[in-house]
Amino acid sequence: MLAKMAAGYRKSGRMAMVLGKTIHLYGVSRKQFLAEKNWVQHELKHIEQFERLGYLRFLARYAWLSYKYGYYNHPMEQEARRAEKEPLGTQKYYW
Ligand SMILES: [Zn+2]
């Protein structure tokens with residue numbers, strides 16, 4: 001349940017979830033996903049967060065902050081949301 005929520009990004013029934021270095025897609029094809037650069041940037045930031053924190057610490061922190069802040073004000077989501085608008089090349093990973 002918590003893993004299901006981890007780093008999820010919902011857009012009208014479409015969802016991407018990052019676990020470690022893998023972006024899992026639900027209700028959207030790989031091609032459609034890759035065509036939406038902002039969305040890809042968002043998920044790549046979560047991959048960076050996974051690397052920074054380590055797998056288990058990411059999940060623990062994500063869950064704790066979800067409990068404390070909910071989804072929209074979640075600091076790790078806010079960071080990922082900022083990454084959507086940053087120019088390409090300013091992040092560790094970009095598409
Ligand atoms: Zn997210």
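By convention here, the first residue in the shown sequence is residue 1. Computed from heavy atoms alone, side chains included, the values below leave out hydrogens, waters and symmetry copies. All ligand and atom numbering here is 1-based and tracks the order in the structure.
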Residue pair Lys45, Glu48: steps toward the salt bridge (Lys or Arg N to Asp or Glu O under 4.0 Å) verdict: CA-CA 5 Å; Lys45 180 56 78 175; Glu48 201 184 312; 3.4 Å; yes
Is Glu43 close enough to the Zn ion (ligand 1) that one of its N, O or S atoms comes in under 2.8 Å? no
Taking backbone and side chain together, does His42 place any N/O/S atom at a distance below 2.8 Å from the Zn ion (ligand 1)? yes
Closest N/O/S atom of Glu77 to the Zn ion (ligand 1), by atom name? OE1
Could I get the full list of salt bridge (charged side-chain N to carboxylate O under 4.0 Å, His left out) partners for Arg30, not counting sequence neighbours? none
Aromatic plane relationship, Phe50 with Phe58 - under 30° parallel, 30 to 60° tilted, over 60° perpendicular: parallel
Less than 3.5 Å apart, which donor and acceptor atoms pair up between the side chains of residues 18-25 and the rest of the protein, not counting sequence neighbours?
residue : atom : partner : partner atom : Å
Lys21   : NZ   : Glu51   : OE2          : 2.6

